[in-house]
Amino acid sequence: MKRLSKILGCIKLKSSKNFKNICIISDSYIPQKISAAGMIYNLSQNLVDRNINVTCVFSGSIDENTQKNYKLDNIDIIKTNVLLSFRNKSLFLRFLFEITTAITLAIKCFFYLNKRKDLDLIIWYGPSVFLWMVVKSINCFKKIPVYYILRDIFPDWLISLKIVKNPYIIWLLKKITDPQYNVSDVIGVEVYGNISYLSRKKIKTNKIELLPNWPNITVSNNSKIDPKVKYDFSNSIVNAKEKNKITCVYIGNSSVSHDYKSLIEFFNNNQKLLKFQINIFSKSTELSTITNQSIEQKSWGLVEEYNLPFIFSKVECGLVTLNRYQKTHNIPGKFISYTQFGLPIICFASIKSPLARLIDKYQCGIVVDLSIGTEQNIKLFSLFLLNFDKNKYYLSKNSLKLFKENFDT
């Protein structure tokens, strides 16, 4: 796994010791149905395969079925499920969840991990940015090298999208999140643009490096496809193809940072688009309805990750959205999963974003920037659908090439 070698190699520049004991801190882990959970599980397994002792610290629950279906025998676990139900609620409740989780895990790690003198490295994954408290508690009486895998630059994206406007709240958020940079020896960001962004925040550039994402799809011992996916979803795809509809998939988060709402408005305001079907595997409570009669919207809810390869094998393209007003940048986990399985991409984002540049460079799909004129976007989208059957193999081949050259472990 090249990503892991980079993490270990970077810290080794500052330390001569070999790594035998590593602690990974995150706000999620399997079997949670989010990309970060799969990424951290895959990372922990790769460490174990290298005969490294791993301790995973996270928010979540590990029940009997999880222990039976996933390889966890060689991993020590420190966890909490305090306020776990708040995770997918309002922003305020999510804030309470993250703060409480960080404090709880910090206390647990202080009493458990501070007794251990053999830890060689701390890897922590953000979000959540408040997990710096856990790092601080472990390093309270010692100095263990810390690698920070930084994905969402918080609270910056909240402020840039004007989700938070109150100056006092902004001041408070900055104060309680600034330590995330101070506790870390090396910070790995997913796109080059975030290196220059952080340097403008006066973070020392010699501690920031590019660390692209890696696949989040996990392999379970119980990889039996869920009945609603195997039968209901499959039948829906068959029916759509019989009506010559192009089938599309959207998985995971559809929050304001992804701006799925703007995509729906674009579809609803343009009734002359060719027929196609969108299959959404996300929390149904977050979704608005597409009223455009030429577009069929099917909501299936969240599913276990082991269903995704089957789902991707049935559809013809993957749909990804990013809020075009964000000043920070990221590459969504769903996009990596789509390209891992060679799906052509339909992307709604700024044409200047790193995501859009990747798609344009590899010619594996289209990018619709809603800041550009409506007529131009309708023409672009309609031509893509009209020529899709002719270009499908070419787009798919390029999508897989993009994955192999940028994200393959």
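Model, not experiment: these values are computed from the prediction. Along the sequence shown, the residues carry numbers beginning at 1.
The distance from atom CZ of Phe233 to atom CG of Asn279, rounded to the nearest 0.5 Å, is 5.0 Å.
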**Study point:** Stepwise side chain to side chain donor-acceptor pair (under 3.5 Å) check, Tyr147 with Glu209
**Key:** CA-CA 11 Å; Tyr147 194 106; Glu209 68 162 18; 2.4 Å; yes

Exercise for review: Would you check, one step at a time, whether the test salt bridge (charged side-chain N to carboxylate O under 4.0 Å, His left out) holds for Lys298 with Asp232?
Suggested key: CA-CA 11 Å; Lys298 306 285 288 186; Asp232 298 346; over 6 Å; no

Exercise for review: Evaluate side chain to side chain contact (heavy atoms under 4.5 Å, CB included) for Phe111 paired with Ile78, printing each intermediate quantity in order.
Suggested key: CA-CA 11 Å; Phe111 288 104; Ile78 301 174; over 6 Å; no

Point to revise | Verdict with supporting geometry, Asn216 and Ser337, side chain to side chain contact (heavy atoms under 4.5 Å, CB included) | key: CA-CA 7 Å; Asn216 60 73; Ser337 296; 3.5 Å; yes

**Study point:** Asn398 vs Gln363, side chain to side chain donor-acceptor pair (under 3.5 Å): CA-CA, chis, key distance, verdict
**Key:** CA-CA 6 Å; Asn398 288 347; Gln363 297 184 14; 5.0 Å; no

Exercise for review: Kindly indicate, with the supporting measurements, whether the criterion side chain to side chain donor-acceptor pair (under 3.5 Å) is fulfilled by Thr339 and Tyr362.
Suggested key: CA-CA 11 Å; Thr339 58; Tyr362 285 89; over 6 Å; no

Exercise for review: Give the C-alpha distance, both sets of side-chain angles, the deciding distance and a yes or no for side chain to side chain contact (heavy atoms under 4.5 Å, CB included) between Lys108 and Val57.
Suggested key: CA-CA 9 Å; Lys108 287 190 172 188; Val57 180; over 6 Å; no

**Study point:** Trace of the side chain to side chain contact (heavy atoms under 4.5 Å, CB included) decision for Leu72 with Ile30
**Key:** CA-CA 10 Å; Leu72 298 172; Ile30 49 96; 4.2 Å; yes

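Glu316 meets the salt bridge (charged side-chain N to carboxylate O under 4.0 Å, His left out) test with Lys392; sequence neighbours excluded. For Lys20, there are no salt bridge (charged side-chain N to carboxylate O under 4.0 Å, His left out) partners, not counting sequence neighbours. With sequence neighbours left out, Asp63 forms a side-chain contact (heavy atoms from CB on, under 4.5 Å) with Asn65, Thr66. Not counting sequence neighbours, Lys71 has no partner by the salt bridge (charged side-chain N to carboxylate O under 4.0 Å, His left out) test. With sequence neighbours left out, the side-chain hydrogen bond (donor to acceptor under 3.5 Å, both in side chains) criterion links Gln32 to no other residue. For Asp152, the side-chain contact (heavy atoms from CB on, under 4.5 Å) test picks out Pro127, Trp157, Asn330, with sequence neighbours left out. When the ring pair (Phe, Tyr, Trp, His ring centres under 6.0 Å) test is applied to Phe312, the partners found at least two apart in sequence or on another chain are Tyr338, Phe341. Partners of Val48 under the side-chain contact (heavy atoms from CB on, under 4.5 Å) rule, at least two apart in sequence or in another chain, are Val54, Asn74, Ile75.
The list of salt bridge (charged side-chain N to carboxylate O under 4.0 Å, His left out) pairs with a residue in residues 22-42, not counting sequence neighbours, reads Asp27-Arg87, Asp27-Arg94. Annotation: salt bridge (charged side-chain N to carboxylate O under 4.0 Å, His left out) contacts involving residues 353-371, sequence neighbours excluded, are absent.
Judged by distance alone, the side chain of Asp120 and the main-chain N or O of Ile22 form no donor-acceptor pair under 3.5 Å. Remark: the backbone N or O of Pro344 is not paired with any side-chain donor or acceptor of Ser399 at under 3.5 angstrom. Remark: side-chain polar atoms of Lys207 are paired, donor with acceptor, to backbone N or O of Tyr181 under 3.5 angstrom. The closest donor-acceptor contact from the side chain of Ser396 to the backbone of Gly342 lies under 3.5 Å.
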Solution key, residues 128-136 side-chain donor-acceptor pairs under 3.5 Å, sequence neighbours excluded:
from, atom 1, to, atom 2, distance (Å)
Ser128, OG, Glu98, OE1, 2.9
Ser128, OG, Phe130, N, 3.2
Trp132, NE1, Ile176, O, 2.8

Sequence neighbours excluded and cut-off under 3.5 Å, please list the side-chain donor-acceptor pairs for residues 163-170, or say none.
from, atom 1, to, atom 2, distance (Å)
Asn166, OD1, Tyr168, N, 2.8
Asn166, OD1, Ile169, N, 3.3

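Taking the side chain as every heavy atom from C-beta outward, Ile25 and Ile138 approach each other to under 4.5 Å. For the pair Phe407/Leu402, a side-chain contact is recorded, criterion being any heavy-atom separation below 4.5 Å from C-beta on. Looking at Phe281 and Ile311, their side chains come closer than 4.5 Å, going by heavy atoms from C-beta outward. Counting heavy atoms from C-beta outward, Tyr112 and Asp76 have side chains that approach closer than 4.5 Å. At least one side-chain heavy atom of Val303 sits under 4.5 Å from a side-chain heavy atom of Lys228. In this structure, Leu150 and Ile208 have side chains that are not in contact, with every pair of non-hydrogen atoms separated by 4.5 Å or more. Side chains of Tyr29 and Ile24 form no contact here, defined as non-hydrogen atoms less than 4.5 Å apart. In this structure, the side chains of Ile331 and Pro212 stay at 4.5 Å or more apart for every pair of heavy atoms.
In terms of heavy-atom proximity, Cys347 sits nearest to Ile359 at CB-CD1, 3.4 Å. Closest non-hydrogen pair, Ala37 versus Ser28, comes out as N-OG, 3.5 Å. Shown here for Asn307 and Asp226, the closest heavy-atom pair between the two residues is OD1-N, 2.9 Å. Closest approach of Ile225 to Tyr306, counting heavy atoms only: CD1-O, 4.0 Å. Closest of all the heavy-atom pairs between Asn42 and Pro215 is ND2-O, 3.0 Å. The minimum heavy-atom distance between Ile52 and Asn21, with the atom names listed, is CG2-N, 4.3 Å.
Tyr148 and Trp124 have parallel rings, their planes meeting at less than 30° on a 0 to 90° scale where 60° marks the start of perpendicular. Relative ring orientation between Phe381 and Phe348 is described as tilted, the plane-to-plane angle lying within the 30° to 60° band.
Taking a 6.0 Å sphere around NZ of Lys352, one finds it holds 12 or fewer heavy atoms contributed by other residues, nucleotides or ligands. Residue Lys243 places its NZ atom among 12 or fewer non-hydrogen atoms of other residues, nucleotides or ligands, all under 6.0 Å distant.
Checked for salt-bridge contact, Lys201 and Asp178 miss the test: no charged N lies under 4.0 Å from a carboxylate O.
Taking the six-membered ring for Trp, Phe154 and Phe95 have ring centres at least 6.0 Å apart.
Donor-acceptor pairing under 3.5 Å is recorded for the side chains of Gln277 and Ser236.
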